[in-house]
Each structure stands twice: as C-alpha cells, then as structure tokens.
Amino acid sequence: MATKTDPKPAAVAEQTRKYEGLTHDQLIEAYRLMYTSRRLDDREILLKRQQKIFFQISGAGHEAVGVTAAFTLKPTYDWFYPYYRDRALCLGLGATPYEMLLMAVGAADDPNSGGRQMPSHWGFPKLNVVTQSSPTGSQVLQAVGCADAGSYFHSHPESANKATGDYREFRDVMFHGDEVTYVSLGDGTTSEGEFWEGMNSASNRKLPVLFVVQDNEYAISVPVEVQTAGGNISRLVAGFPNFHFEEVEGTDLVATYAAFTRTVAHCRAGNGPGFIHAHVIRPYSHSLSDDERLYRPEAERQQEAARDPLTRLQMFLIREGILDESGINRLEKQVEDGIQEAVDQALEAAIPAPESVTQFVYSPSLDPASDAFNTAPVPAEAVGGNPPAAKTMADLINATLSDEMARDPRIVMFGEDIADCSREQYLSDKSIKGKGGVFKLTAGLQCKYGSDRVFNSPLAEANIVGRAVGMATRGLKPVVEIQFFDYIWPAMMQLRDELPLIRWRSNNGFSSPAVVRVAIGGYLTGGAIYHSQCGESIFTHTPGMHVVFPSNALDAAGLLRTAIRCDDPVLFLEHKRLYRETFGRAPYPGPDYMIPFGKAKIVQPGDDLTVITYGATVPRGLQAAQRLEREHGVKVELIDLRCLNPFDWEAIATSVSKTNRVIVAHEDMLSWGYGAEIVARIASELFDQLDAPVRRVAAKDTFVAYQPALEDVILPQAEDLFRAMKELAEY
Ligand SMILES: Cc1ncc(C[n+]2csc(CCOP(=O)(O)OP(=O)(O)O)c2C)c(N)n1
Ligand SMILES: [Mg+2]
C-alpha cells in the first residue's frame with residue numbers, strides 16, 4: 001500500500017496514539033475497503049439498470065461502521081449476524097468483490113446462497129457470517145442464541161465432541177471462551193419486538209453480544225422520530241444492566257474505531273453485551289426500488305452528504321499526510337480495476353441448475369424417514385411375573401427427554417415454566433417439589449441435568465424459537481417448548497421465515513435442526529378459544545420443517561427420539577388431551593426406540609372403508625369404527641398418520657385401493673385444513689379406485705367455545721365419525 005513515508009517505530013507509536021490505535025496502514029486499508037464497498041454499490045446499480053442483476057441495496061454511508069467492526073472483531077473466531085448495509089464489514093472480514101457479484105447475478109457459485117437470496121443478504125460460512133434474511137430484526141434473537149451456545153460450549157467443552165449416529169456426525173463445533181457475536185440493524189428495526197427481546201436476554205444472561213444500531217434516520221421513508229420515542233434509541237436502552245453503551249458519529253472512522261475498541265473489550269472480557277449506536281447516512285435512497293426525493297428535500301440530502309464517511313476519510317488521509325492525492329488516485333484505480341475484473345468474471349458465471357431447487361430443503365446427510373431410525377422397542381423386563389407398567393404419553397415423553405439428555409450433552413431445554421424451579425436454592429434446601437412445565441412434561445429434568453441445560457425462558461415465544469435457531473446453528477440441540485399452540489404466533493416469524501429456511505437459503509452452508517415441542521388441541525371441557533386451537537396445516541405448508549403429531553405414548557416416544565436425533569427442524573405437536581389418557585398407554589420402550597418419520601400406523605385393519613386421521617381423532621375414530629363393526633358388521637381400516645410432514649402416501653394409497661372408500665378426519669377446522677391436501681391428492685391419483693365420494697370430518701369453521709355443550713358441537717366427536725362412516729359404507 002502506498003504510504004507517503006515509512007515512519008520509525010517511535011513515530012508509529014505517536015501516530016497510533018493520535019488515531020485511537022489505528023496505524024497509517026490500517027487507515028489506508030480502511031479507505032481501500034470503504035472505497036471498494038462504495039464502488040461495488042455503484043457498479044451493482046449500473047448492472048441493475050442494464051438488467052444484468054435483479055436487485056440492489058447499498059451499504060453506502062455505513063462503510064466506516066462496517067470496516068471498524070471488521071478491524072475490531074476476528075473473522076472465523078467471532079460470529080456475525082449482519083444486515084444488508086454491512087457490505088464493508090463483509091469485505092473487511094475477507095469476502096471478495098467477486099463473491100458479492102456472484103450473489104448479485106444469482107450464480108450457482110454464490111457462496112452465500114447459490115442464487116437463492118437477494119444480494120446483500122450476507123452469509124459466508126467460512127467467515128462465521130451466518131446466513132441473513134430479509135425480515136428486519138429476525139437476526140437479533142438468533143445472535144443471542146449463538147452467543148448462548150458459545151458460552152454453553154465453553155462451560156461444557158466435552159459436548160462439542162463429534163458423535164456418530166445422529167445429527168452430530170454432520171456438525172463441527174467451534175467455540176472460543178472470549179468470542180463475541182456481532183449483530184447489526186437499522187434504526188427502524190429497533191421498533192421490532194424481537195430487538196427488545198434480544199436486548200433483554202443478552203442483558204439478563206450477560207452474553208457477549210455486540211449490538212450495532214446503524215442509524216441513518218430513516219426506515220425506507222419513515223423518519224427516526226416516528227419510529228423511536230424521543231427520536232434516540234440510546235436513551236431508551238440505557239437502563240439495560242450489564243451493557244457497555246456507546247453513541248458515536250459513525251461516519252467518523254477514528255471515533256467509531258475508538259467506540260468499537262472499548263465495547264469489544266467489554267464483551268470479550270465477559271462483562272456482558274455491548275451497544276453501539278452509530279449515526280450514519282444513507283445517500284442512495286433505501287434501495288434501487290426507492291426514490292428518496294419523494295420524501296426528503298434537497299436541502300436535507302445535501303446536509304447529509306457533507307457527512308459522507310468516504311469523503312471524510314479521504315480528506316483526513318490527505319490532511320494528516322498519510323496519503324497524497326496521487327496515492328489516493330492510485331489506490332482507487334487499483335480498486336476499480338479489481339472490480340471490473342470481478343464483474344467480467346461474475347457475468348460469465350453459471351447459474352444454478354433448475355433441478356436443484358428442492359435441494360437442501362432438508363438435510364442431505366440424514367433422512368429421518370430412513371431405516372436408520374427404525375428400531376424395535378425394548379421394554380423393561382417383567383418383574384416378578386408382572387409385565388412392565390403401561391405409562392401415559394406424558395410419562396414417556398418425559399422419560400424420552402431424560403434419556404436423550406443423558407445420551408447427548410448438546411441438548412438444552414427452555415421455555416415458559418419448564419424448569420423445576422428457577423430459584424435454585426429452593427430446590428437445594430428441598431423446600432419445594434418443583435414444577436417442570438405446566439403439563440409437567442419436563443418435570444425433574446432441571447434437577448437431573450442442571451440449570452444450564454434446563455431453564456425457564458422469558459414469557460416471549462419469539463425469544464424461545466429465535467434463540468433456539470441461533471443455538472442450533474452453532475451445533476447445540478435445543479429442544480424448546482411452546483406452552484400452548486394458541487400462543488405460538490409471536491414466534492411465527494422465526495417459525496416461518498427462519499428456522500425452516502436456514503439450510504435452504506444458505507445452500508446447505510448452515511442448518512438449524514432445533515426441536516419445538518408444542519402442546520396442542522382441545523376436547524378439554526373448558527379449554528375455550530385460547531387453550532384449544534389446532535392449526536397444524538399452517539406448518540405443514542412450510543417446507544423445511546417436519547411436523548409430527550402422535551396419538552399415543554409409544555409413538556410419542558419413538559417419534560420424539562427421531563426428532564431429537566435428526567438433522568432437520570421438527571415441530572413436535574403433543575395433544576394435551578392425550579397426555580394422560582388411558583388410550584394408548586405403553587411401557588417405556590427403552591432408550592433407543594425410534595420410529596422413522598412418514599410411516600403411518602394401521603390402528604385397525606379393515607376391508608370396507610378407510611379412515612385416515614391423527615392425534616385426538618384417532619381414539620374417537622377407533623371408538624366409532626368398533627361400534628360400526630358391532631352394529632353393522634362394517635370393517636374400517638383406521639390409519640394414524642402420526643407424522644404429517646412427511647406423510648405416508650403409500651399407506652393411504654394401499655388402503656384406499658383396497659377399500660375404495662375413504663374418510664379423512666381431523667380435529668382442526670374443515671376448510672383449508674390438513675385433510676384438504678390429502679383429499680385432493682386422493683382425488684387426483686386414486687380416482688379410479690373410488691366407489692364413493694371422498695369425505696371429510698373435521699371441526700366447524702369457527703373457534704372452540706368455553707361452554708362444553710358448544711365445544712362438543714364444534715369439535716368432531718365419535719358420533720360424527722360414526723355417522724360419516726356409516727353413510728359412506730352405505731353409499
Ligand atoms: C419484518 C419486515 N417488515 C418490513 C420489511 C420491509 N423493509 C425492508 S427494510 C425496511 C426499513 C428498515 O429500516 P432500518 O431498520 O432503519 O434500516 P435501513 O434500511 O435504514 O438501514 C423495511 C420496512 C422487512 N424487510 N421486514
Ligand atoms: Mg434506517
């Protein structure tokens with residue numbers, strides 16, 4: 001790099017003192033990176049206008065913050081959850097212009113997503129830059145989970161060891177005791193609830209998360225005073241304990257560097273999270289789809305332009321005699337030549353093969369529907385001639401969780417009320433018994449495995465799932481609980497746009513195989529609207545996530561173990577009414593019992609009529625089928641799907657081809673429900689096999705009422721199933 005002079009060591013010390021620790025070389029390197037970042041934006045804008053790329057969003061005006069973060073943090077050592085304005089950060093960490101242009105053209109070799117994501121949605125596995133998405137703020141809780149995982153691995157180093165026979169085989173774990181997790185966001189994004197949830201948990205758990213708010217005073221067209229009460233986020237967050245706070249002019253490289261140095265030192269020393277509020281500018285509108293002249297007058301734009309970090313640094317270099325004009329020209333020419341070469345190459349790059357589109361929706365390495373997950377139950381020996389006791393679904397889920405925790409030290413559990421007791425002293429002085437979940441499914445696990453493996457979360461569902469996503473990305477196996485399906489919705493952004501997408505959108509660069517256990521369903525006699533909902537089809541309509549819904553104790557144990565050991569995210573739906581039902585009790589099938597996903601169970605064989613169902617309508621369907629045989633001699637084949645995604649089409653096709661009559665039944669509402677897809681497929685593929693119209697039995701298209709007489713009418717009962725079966729048999 002062209003420096004004007006080559007100063008002696010004493011002079012270097014003098015310089016660095018003067019520039020908050022930055023050397024001449026670093027200042028020149030900072031300019032090179034910032035200039036590269038800006039020219040790449042300019043070049044992409046041109047390419048977009050030429051219709052050679054399809055989207056552009058710039059990092060212009062934010063460059064000094066990005067470069068400073070790259071200088072003060074360590075690539076491949078620290079972890080990064082950036083946002084789309086962080087081009088300069090990624091360049092500083094080691095990403096190349098060519099790689100960025102591969103993203104812009106949507107090339108097969110785009111190292112971030114293989115052409116699946118818009119450009120500037122950063123993700124570089126080799127640099128610990130974790131795949132980023134478009135939903136503003138969804139990165140925050142994941143970053144907190146990432147930091148959580150780093151600290152867990154540090155205190156349980158043995159858990160990082162590889163193991164064969166489950167997801168760990170495909171997961172290298174890296175951690176450092178003093179690592180920092182960087183997460184950045186815009187001023188507007190601080191309005192998202194997940195930001196506050198992330199701040200709360202990072203603060204409370206004293207995690208080394210570096211929050212960087214890049215405040216350009218606008219969120220598209222909405223100014224900061226409309227987003228943020230009082231117009232300044234620093235003032236609002238100042239009360240969070242354990243933080244180191246900085247508010248800085250983020251277009252001033254030297255000042256920004258000083259703020260980062262102090263904050264990173266705080267995080268690295270284990271003193272807690274850091275918060276840097278950097279005031280920056282946004283000279284290029286929000287994106288190429290936005291024209292800020294519609295809502296910002298020229299005078300305001302010009303005032304902002306005077307703070308341009310690139311111009312500021314250039315003038316600084318000249319003023320301080322670090323680079324003269326010809327040195328700057330030489331550097332800029334070099335950068336431009338490099339970009340030109342990268343553009344030429346990227347425009348030639350191959351695009352992804354069309355047939356690759358479904359690749360990496362799920363793990364390519366471990367198929368939970370395979371025989372590897374098919375093991376026989378090994379119940380305990382009979383004692384004194386008595387067979388082992390039949391246990392409830394709740395018992396077997398608890399026992400399975402316990403045995404899996406013993407087997408796999410990477411399993412952590414959290415959720416609302418799931419710990420035995422957060423105030424540990426009450427456990428140690430034995431003054432209380434402990435709770436272990438509102439349905440007691442996790443009872444005793446904290447006592448057995450420790451408070452750092454089983455703990456209560458805040459009352460915040462996005463927090464639970466978002467942190468689980470970050471933890472699972474790092475190699476932990478979070479098995480988290482959503483207390484009631486009715487309250488899953490705050491986590492919907494994470495469940496729909498994040499958890500199931502991490503692998504696909506990163507082209508298998510990252511994955512997040514967390515298990516989310518959810519208590520679901522009604523028939524509770526008084527559960528009412530908000531403790532009775534189903535809604536599984538919303539999640540089976542989400543690729544990338546397996547959905548399991550067992551109806552009995554043995555299936556719950558076998559499928560839960562498969563869920564935990566597999567390498568994909570799993571939504572594990574546990575019917576509250578079935579937790580302690582007499583129906584479907586079984587002895588514990590042993591610590592290795594697994595059922596592969598997507599294999600239905602024939603609850604009762606029959607030749608006259610097929611009933612396809614799952615969950616709480618299984619016992620109701622069985623009751624109806626037994627009555628139909630008793631009273632009318634009709635033999636129903638009752639199929640329990642057990643797993644809704646993947647589901648066992650073969651079992652359905654075989655049965656319908658035999659009986660030629662079929663009912664699809666479920667507890668959830670009829671319209672747009674899970675049955676609609678099954679029925680459509682039967683109509684399309686098995687039409688020739690049918691002797692009668694396909695029927696559905698399901699809940700009314702309304703909500704579940706509190707008054708039991710109304711609940712009975714709303715949810716499908718054994719009587720409804722009986723009537724439908726009889727009518728169809730007689731058709
Ligand atoms: C959850 C969500 N809502 C809306 C959007 C559309 N959107 C994209 S960026 C943006 C503004 C973000 O502003 P800010 O956080 O200040 O970041 P900046 O772009 O100014 O850097 C909006 C509304 C989105 N991507 N995600
Ligand atoms: Mg903004």
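In terms of modelled atom types and a separation under 3.5 Å, the side chain of R168 and the main chain of R565 share no donor-acceptor contact. Of the possible polar contacts, none joining the R38 side chain to the L310 backbone as a donor-acceptor pair under 3.5 Å is found. Remark: the backbone N or O of E481 is not paired with any side-chain donor or acceptor of R517 at under 3.5 angstrom. Judged purely by atom type and a 3.5 angstrom limit, T228 has no side-chain atom pairing as donor or acceptor with the backbone of N232. Using a distance-only test at 3.5 Å, with no hydrogens or angles considered, no donor-acceptor pair links the side chain of S285 to the main chain of S287. At least one donor-acceptor pair closer than 3.5 Å links the side chain of K477 to the backbone N or O of C566. For the pair D110 (side chain) and G115 (backbone), a donor-acceptor distance under 3.5 Å is present. A donor-acceptor contact shorter than 3.5 Å links the side chain of T256 to the backbone of E249. Side-chain atoms of Q132 come within 3.5 Å of backbone N or O of V130 as a donor-acceptor pair. For D86 (side chain) and G59 (main-chain N/O), no donor-acceptor pair under 3.5 Å exists by modelled atom type.
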R85 and D41: salt bridge (charged side-chain N to carboxylate O under 4.0 Å, His left out), yes or no, with the steps?
-> CA-CA 10 Å; R85 306 261 184 238; D41 277 327; over 6 Å; no

Tell me, with the steps shown, if E498 and S133 meet side-chain hydrogen bond (donor to acceptor under 3.5 Å, both in side chains).
-> CA-CA 8 Å; E498 299 293 336; S133 61; 2.5 Å; yes

What do the steps show when you test H121 against S134 for side-chain hydrogen bond (donor to acceptor under 3.5 Å, both in side chains), and what is the final call?
-> CA-CA 7 Å; H121 288 57; S134 298; 2.6 Å; yes

side-chain hydrogen bond (donor to acceptor under 3.5 Å, both in side chains) between N128 and Y81, intermediate numbers included | CA-CA 9 Å; N128 290 357; Y81 285 75; over 6 Å; no

H277/F245 under ring-ring contact (aromatic ring centres under 6.0 Å, His included): CA gap, chis, key distance, verdict = CA-CA 8 Å; H277 177 192; F245 293 103; over 10 Å; no

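Atoms CD1 and CD, on I276 and E246 in that order, are 6.5 Å from each other to the nearest 0.5 Å. Put simply, CZ on F539 and CG on L495 are 5.0 Å apart, with the number rounded to the nearest 0.5 Å. Atom-to-atom distance recorded for R312:CZ and L253:CG is 10.0 Å, nearest 0.5 angstrom. Taken from CG in L22 to OG1 in T68, the straight-line distance is 7.5 Å, to the nearest 0.5 Å. Here the CE-CD distance, from M413 to E404, works out to 9.0 Å after rounding to the nearest 0.5 Å. Here the CZ atom belonging to F275 is positioned 12.5 Å from the SG atom belonging to C267, to the nearest 0.5 angstrom.
H279 and E247 form a side-chain donor-acceptor contact under 3.5 Å, judged by distance and modelled atom types alone. Counted by atom type alone, T540 and N645 present zero donor-acceptor pairs between their side chains at under 3.5 Å. A donor atom on one side chain and an acceptor atom on the other are found under 3.5 Å apart for R505 and T131. Judged by distance alone, the side chains of N463 and S201 do bring a donor and an acceptor atom under 3.5 Å apart. Side-chain N/O atoms of D290 and Y284 include no donor and acceptor closer than 3.5 Å. Looking at Q483 and D417, their side chains do bring a donor and an acceptor atom within 3.5 Å of each other. D408 and Y167 form a side-chain donor-acceptor contact under 3.5 Å, judged by distance and modelled atom types alone. Side-chain atoms of Q56 and E44 include a donor-acceptor pair closer than 3.5 Å. For the residue pair S113 and N507, no side-chain donor N or O sits within less than 3.5 Å of a side-chain acceptor on the partner. A donor atom on one side chain and an acceptor atom on the other are not found under 3.5 Å apart for E63 and S37.
Among all heavy-atom pairs drawn from V209 and A143, the shortest one is CG2-O, 4.3 Å. In terms of heavy atoms, P119 sits closest to I57 at O-CG2, 4.3 Å. Residues A468 and S512 share a closest heavy-atom pair of O-OG, 4.4 Å. In this structure, E304 and P283 approach most closely via the heavy-atom pair OE1-N, 3.8 Å. Of all non-hydrogen atoms in L127 and L93, the two that sit nearest each other are CD2-O, 3.4 Å. Nearest heavy atoms, P125 versus F510: CA-CZ, 3.5 Å.
By the 4.5 Å heavy-atom criterion applied to side chains, V280 and P309 are not counted as neighbours. Between L185 and Q214, the closest side-chain pair of non-hydrogen atoms is not below 4.5 Å. At a threshold of 4.5 Å between non-hydrogen side-chain atoms, the residues Y449 and I411 do not count as touching. In this structure the side chain of F71 reaches within 4.5 angstrom of the side chain of Q26, judged on heavy atoms. Residues E217 and P223 form no side-chain contact, since every pair of their non-hydrogen atoms from C-beta on lies 4.5 Å or further apart.
Taking the six-membered ring for Trp and the full ring otherwise, Y362 and H546 have centroids separated by under 6.0 Å.
Taking the six-membered ring where tryptophan is involved, the planes of Y84 and H286 are perpendicular, since the angle between them exceeds 60° and thus also 30°. Between F484 and Y487, the ring planes lie perpendicular to each other; the angle is over 60°, past the 30° to 60° tilted range. A perpendicular orientation is assigned to the rings of F195 and F211, their planes being inclined by more than 60° (bins at 30° and 60°). Ring planes of H266 and H244: tilted class, angle from 30 to 60°.
Just one residue in the list E461, R467, E194 forms a side chain to side chain contact (heavy atoms under 4.5 Å, CB included) with Q494, and that residue is E194. When each of R474, M471, R453 is checked for a side chain to side chain contact (heavy atoms under 4.5 Å, CB included) with Y152, only R453 meets the rule. When each of N242, V237, L236 is checked for a side chain to side chain contact (heavy atoms under 4.5 Å, CB included) with F240, only V237 meets the rule.
Partners of D452 by side-chain hydrogen bond (donor to acceptor under 3.5 Å, both in side chains), not counting sequence neighbours, listed by chain and number: H156. Every side-chain contact (heavy atoms from CB on, under 4.5 Å) that Q227 has, sequence neighbours left out, goes to S191, A219, V222. Remark: Y83 pairs with no residue by the ring-ring contact (aromatic ring centres under 6.0 Å, His included) rule, at least two apart or across chains.
Contact check on K162 versus E169 returns no salt bridge, with no Lys/Arg side-chain nitrogen under 4.0 Å from an Asp/Glu carboxylate oxygen. Look at R282 and E292 and you find a salt bridge, because one of the NZ, NE, NH1 or NH2 atoms lies within 4.0 Å of a carboxylate O, short of that distance.
Note that R205 lies in the cation-pi zone of F455, set by a 6.0 Å cut-off to the ring centre and a 45° limit from the axis.
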